[in-house]
Amino acid sequence: MRHTILNLEESKIREVANAGIGRSDVLAFWFGESDEVTPDFIRQAAIDSLNRGETFYAHNLGLPELRQAIALEMSRKHPAHGGGHAAQPIGMDRIAVTAGGVNALMLAVQALVDAGDEVVAVTPVWPNLTAQAQIMGGTLRTVALVPKDGAWTLDLQALLDAITPRTKLLIVNAPNNPTGWTLTSEEQAAILAHCRSTGTWILADEVYENLYFEASPTGCAPSLLDRASPEDRLVVVHSFSKSYLMTGWRLGWVVMPPSMTAAMGKLIEFNTSCASVFVQRAGLVALERASEVTPRVVAHLKACRDALLPALRDVPGISVATPRGGMYAFFQLPAVDGAPQDALVVAKQLVVEAGLGLAPGNAFAPEAQGWLRWCFASKDMARLHQGVARLRTWMERNGGR
Ligand code: PLP
């Protein structure tokens, strides 16, 4: 067995969830998914596909009609593609359908990272992104966001300084899981220009682009696609999971330079061969009828955010900034004797002693020690209030720790 694999850290989110397994009294907000079932018409598309007997392998890169629909959706969302001057639609020759966003990320890293390559990642971040680069033998350097008044912010110069001609790949996830931090369009332009000068690839995880609560002309977060030309060294990863309530379906996609697509097809063959056809059919209907799902999902998430945050802020000792995107409140526990609390220990205690399931900040980066992540994608908003009441009682009982 490779030492790299043996030494991979287990997910601390799972560690907390395992402490609550079998307990029906735990209010769980630890995973990044809504508790709402996929809409009927999307499920029906999969059922119809199976009933038609679509039970065979498909093209490595995905069903042409789905790739085309994704290309149209990407072009609609990112009309300034090509930097504004040479705006051109994103063609289906740049799209590959994958078995989920996480599979798309892994494929990109397999395609780009050789053993010993330097990879820079912006943290805190969902741990899968950094683990994948390590699995491929990459040497990971992290640039930490900095909390200011509870909100995590980017020191752009520190990031640019960390990316040198030795850097093969930059990994950045915005809107960010867990912090809700989002890149501005200006920051994206600066990062892209710098990476062009160093010859560094960018892997942009934009799976939360639709879950954006600020006003924007296209209804989504700023994207590196708004700035890049087709042949820039940029791979953008997307997912059906969050915007269409399809976490369990395992469907995502990548947008890449056209010159990379054939190699990506080969890699897909050796990983999953293709995404399941009936799942792709469901994805196609989800895109075609996106206006019936995503705006409702985003409006509900915003309402959840706006219910949870004031309630959390009302708990003595808790401070929390308003996330601009994503589905998480990320908040800091009060320090004890001047030191941050061990978030993993607290998260486990909360499960056992308070019946409340949150994800520990140190699952996402060491600098997020003392922070907890709360996924607020809850169909029933009363659950959020019950959760806050449990947190308050537990903190009062434990004197703020
Ligand atoms: N990227 C980020 C930042 C995520 O938080 C997630 C899921 O939580 C994913 C990618 C992958 O999503 P999926 O594999 O369900 O498409």
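All ligand and atom numbering here is 1-based and tracks the order in the structure. If you're wondering where the values come from, they're calculated on a predicted model, not measured in any experiment.
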Nearest neighbour in protein (non-hydrogen) for atom 15 (O) of ligand 1 | Ser241 OG, 2.6 Å

Report yes or no: is the cationic atom of Arg373 (NZ for Lys, CZ for Arg) under 6.0 Å from the centre of the six-membered ring of Phe364, at an angle within 45° of the ring normal?
-> no

Rounded to the nearest 0.5 Å, what separation is found between the NZ atom of Lys302 and the CG atom of Leu211?
-> 13.5 Å

Non-hydrogen atom of Tyr208 closer than 4.0 Å to ligand 1 | yes

Nearest-contact summary for atom 14 (O) of ligand 1 - protein heavy atom, Å = Arg250 NH2, 2.6 Å

Take every heavy atom of Glu33, measure it against each atom of ligand 1, and state whether any distance is under 4.0 Å.
-> no

Keeping the roles fixed (side chain from Gln188, backbone from Pro222), state whether a donor-acceptor pair exists under 3.5 Å.
-> yes

Got an N/O contact under 3.5 Å between Leu129 and ligand 1?
-> no

Give the residue and atom name of whichever protein heavy atom lies nearest to atom 9 (C) of ligand 1, and the separation in Å to one decimal.
-> Trp126 CZ3, 3.3 Å

What's the shortest distance from atom 3 (C) of ligand 1 to any protein heavy atom, and which residue and atom give it?
-> Asp205 OD2, 3.2 Å

Inspect the contact between Glu187 and Arg227 and indicate whether a charged nitrogen and a carboxylate oxygen are less than 4.0 angstrom apart.
-> no

Which of the listed options, Ala104, Ser239, Ala99, holds the heavy atom that is closest to atom 16 (O) of ligand 1?
-> Ser239

May I ask you to identify the nearest protein heavy atom to atom 8 (O) of ligand 1, giving residue, atom name and distance to one decimal place in Å?
-> Lys242 NZ, 2.7 Å

Backbone N or O of Thr218 within a donor-acceptor pair of the Lys77 side chain at under 3.5 Å?
-> no

For Arg390 and Gly355, indicate whether the former's side chain and the latter's backbone hold a donor-acceptor pair under 3.5 Å.
-> yes

For ligand 1, which atoms, with element, lie under 4.0 Å from some heavy atom of Asn173?
-> 3 (C)

Check whether any side-chain N or O of Ser276 sits under 3.5 Å from a backbone N or O of Val279 as a donor-acceptor pair, and report yes or no.
-> no

Are Glu15 and Lys12 close enough for a salt bridge, meaning some N to O gap below 4.0 Å?
-> no

So is Leu251 polar-close to ligand 1, meaning N/O to N/O under 3.5 Å?
-> no

